[in-house]
Protein chains: 2
Amino acid sequence: MPRPSDPHAKSRLLEAAERVFSEKGLDRAKVEDITTQAGLSKGAFYLHFDSKSDAFKELLSEVLAHLQCRIGEAKDGNLPALNQGFEHALEVWLARDLAMFEFIWKNRALMRITLEGGRSADYQHLIEHFASYAQSETEALLRQGVAAGIYRSSLDVEVAAAFIAGGYDRFARQLVRESKKPDLKKRLRELRWMVITGAGTPELISCLQQLPAEAERGDSMPPSESAAGPVAASASAVLSKTV
Amino acid sequence: MPRPSDPHAKSRLLEAAERVFSEKGLDRAKVEDITTQAGLSKGAFYLHFDSKSDAFKELLSEVLAHLQCRIGEAKDGNLPALNQGFEHALEVWLARDLAMFEFIWKNRALMRITLEGGRSADYQHLIEHFASYAQSETEALLRQGVAAGIYRSSLDVEVAAAFIAGGYDRFARQLVRESKKPDLKKRLRELRWMVITGAGTPELISCLQQLPAEAERGDSMPPSESAAGPVAASASAVLSKTV
DNA sequence: CAAGTCAATGACTCGCAGGTCACTGAGTTC
DNA sequence: GAACTCAGTGACCTGCGAGTCATTGACTTG
């Protein structure tokens, strides 16, 4: 005897909420804007959410949980990847970055609100918490690299982590404001190259500079670099022994 | 015959506004909170400001103008400083960073709202605009350094600038949330060292590693670094000729 | 088809906070 | 000390928008 509810009602509301929140922020978004865009009434909204900020929380926590997961995976998957050779680890690194930033691009409206702390007072801590999580995971990654002899032992790991996390953070903040999709792979390869040249040992860097620039695969060199001969595997040889 | 106004009224209101805005953000701050804290009435507030957001704008634009000024100076003063030798330029660099971050620390409450875009929808563009300004100025600085032979010519200046601006940005965002003042000079020296090792030519780096770690002056080396002999002036010699 | 359920509606309530303005009285001038 | 000015006051007005709830009617079940 029950009347079945529209199974799409809640998701339509969430989609509309995403649009409205990303335009106006939590405080200035009106529940009626959301319901109008979703083609539903105010009452329907309160059938699915306790309050305006409840819907907001649902949106944010979804995204942040996903990202946090990815970053954790990156660290935990790093050592195993290193054991299969440095070249392999490089590719895994790029693939993970790519997956993460593809996700950010796909959810850029939401990510933008997230990065801007919901443009509201109550949610800044979420993004700050996430940022410091990212930074500490980066730190762990760097320590692994130092231990493996990939990064200079003179590196101030803490500062470098803040720096690198900051670089990725800046990229993300730019990305969510972009209107057409940039070449993520290219940008991320450049970022990775910055990290390597900034933190890598001289031997690592000179080895990598010998690698052929197979731009279309996932290699470390920025395409602008003029590559010398194909000394290829030497880099991973140099490094895999140190692990 | 006129009754003279309390000359401190407006500044008391601005101070109170700073406190209230930094706690609640623009949208959630109440005018009455501000006036209560300032020990004045609501009416007095509207004697000095057209609206709540008017007061907010006055606070933000003050800070941003100041910062923008400093960054501009940094770029414009760089070439002259380089002409007096690299060592000198290094000190000027640190001094400027220090002045900037001292300012940020002193105005951390306000800076925090600023960095968080006022926790309101209308002012995000201000901070984004500022960030991209900082990035482009960094890019210009890097180009000067590359031209002077200090930074590697293979450097992707645009990406590096985003990275470095991101690093400073991250530091600023952490600083404004700190409750007791960290050793700014130390942190900034570390940041500078990151930039140098990340972007500098190998010759530059090895030269600098020879410099004695006169930690108390303004030198480039992170204190942890164990310094070799006092080859001091060689670095600036190497570089001053290239300028 | 009658009875019953419950998703959905939207007019309504209500508290809140931005902004106003008639009034007060401190200080000034002559 | 009378007249005057204007910074400052705070009760009040007002619009807005979050959240409610009596009502509707689509759909199920027997």
Side-chain angles (χ1 to χ4, degrees), chain A residues 1-61 113 116-123, chain B residues 1-61 113 116-123:
Chain A
M1 337 105 142
R3 176 191 173 188
S5 68
D6 176 353
H8 303 308
K10 185 164 180 175
S11 64
R12 254 163 57 215
L13 281 168
L14 278 173
E15 277 164 37
E18 181 178 337
R19 279 195 298 276
V20 175
F21 283 141
S22 37
E23 195 188 334
K24 314 235 193 189
L26 171 58
D27 291 331
R28 302 199 178 177
K30 289 176 237 173
V31 172
E32 292 210 61
D33 289 348
I34 296 173
T35 55
T36 307
Q37 284 211 21
L40 287 165
S41 71
K42 213 169 172 180
F45 181 91
Y46 286 95
L47 226 50
H48 295 283
F49 307 101
D50 287 343
S51 63
K52 185 169 71 158
S53 60
D54 179 45
F56 188 70
K57 242 181 283 180
E58 195 156 327
L59 281 171
L60 280 207
S61 53
I113 337 173
E116 292 168 357
R119 298 198 199 96
S120 158
D122 296 349
Y123 298 88
Chain B
M1 335 105 147
R3 175 188 172 190
S5 68
D6 176 353
H8 304 308
K10 185 163 181 177
S11 63
R12 254 162 58 216
L13 282 167
L14 277 172
E15 276 163 37
E18 181 178 336
R19 279 194 300 276
V20 175
F21 283 141
S22 39
E23 194 186 334
K24 315 238 192 188
L26 171 58
D27 291 332
R28 300 198 181 181
K30 291 176 236 172
V31 173
E32 292 211 61
D33 290 348
I34 297 174
T35 55
T36 307
Q37 284 211 21
L40 286 166
S41 70
K42 215 170 172 179
F45 180 92
Y46 286 96
L47 224 50
H48 294 283
F49 306 101
D50 286 343
S51 65
K52 184 169 71 157
S53 60
D54 180 44
F56 188 70
K57 243 181 280 179
E58 195 156 327
L59 282 171
L60 279 208
S61 52
I113 337 171
E116 291 168 358
R119 299 196 200 98
S120 157
D122 296 349
Y123 298 88

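Below, read A as the first sequence line, B as the second, and so on, with proteins coming before strands; counting in each chain starts at 1. Bear in mind that the values here come from a model prediction, so they are computed numbers and not experimental data.
In this structure, B:H48 places its NE2 atom 8 Å from P of D:dA7, rounding to the nearest Å. The separation between B:D27 atom CG and D:dA18 atom P is 12 Å, rounded to whole Å. Look at CZ on B:F49: it is 15 Å from C1' on D:dA7, rounded to the nearest Å. For B:K24 and C:dC16, the NZ to C1' distance is 13 Å, given to the nearest whole Å. Atoms CZ (B:F21) and C1' (C:dA17) sit 13 Å apart, rounded to a whole Å. Atom pair A:F45:CZ and C:dG10:P shows a separation of 17 Å (rounding to whole Å applied). Going from atom CD1 of A:I34 over to atom C1' of D:dG19 covers 14 Å, rounded to whole Å. In this structure, the CG atom of B:D33 is 12 Å from the C1' atom of C:dC16, given to the nearest Å.
Separation of atoms NZ (B:K24) and CG (A:D27) is listed at 12.0 Å; rounding is to 0.5 Å. Put simply, OG on B:S11 and CD on B:E18 are 11.5 Å apart, with the number rounded to the nearest 0.5 Å.
Between B:F49 and B:L14 the shortest side-chain heavy-atom distance falls below 4.5 Å. You'll find the side chain of A:H48 stays beyond 4.5 Å of the side chain of A:E58, heavy atoms only.
The two atoms that bring A:A44 and A:L13 nearest to each other are O-CD1, 4.1 Å, heavy atoms only. Scanning both residues, B:I34 and B:A17, for their nearest heavy atoms gives CG2-N, 3.8 Å. The heavy-atom pair separating A:A55 from A:F45 by the smallest distance is CB-CZ, 3.9 Å.
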Side chain to side chain contact (heavy atoms under 4.5 Å, CB included) between B:D33 and B:E23, worked out: CA-CA 11 Å; B:D33 290 348; B:E23 194 186 334; over 6 Å; no
For every nucleotide of nucleotides 12-17 of chain D, 5' to 3': is a protein heavy atom under 4.0 Å from its base (B), only from its sugar-phosphate (S), or from neither (-)? -----S
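Distance from the side chain of A:Y46 is smallest to D:dG19 among D:dG19, D:dG8, C:dG19. Comparing D:dG8, C:dT9, D:dT20 against the side chain of A:L40 picks out C:dT9 as the nearest. Listed candidates were C:dG19, C:dA8, D:dG8. Nearest to the side chain of B:L47 is D:dG8.
One N or O on the side chain of A:K52 and one on the backbone of A:L26 form a donor-acceptor pair closer than 3.5 Å.
Rounded to 10 degrees, the angle between the two end axes of the helix from C:dC1-D:dG30 to C:dC30-D:dG1 is 0°, with five pairs used at each end.
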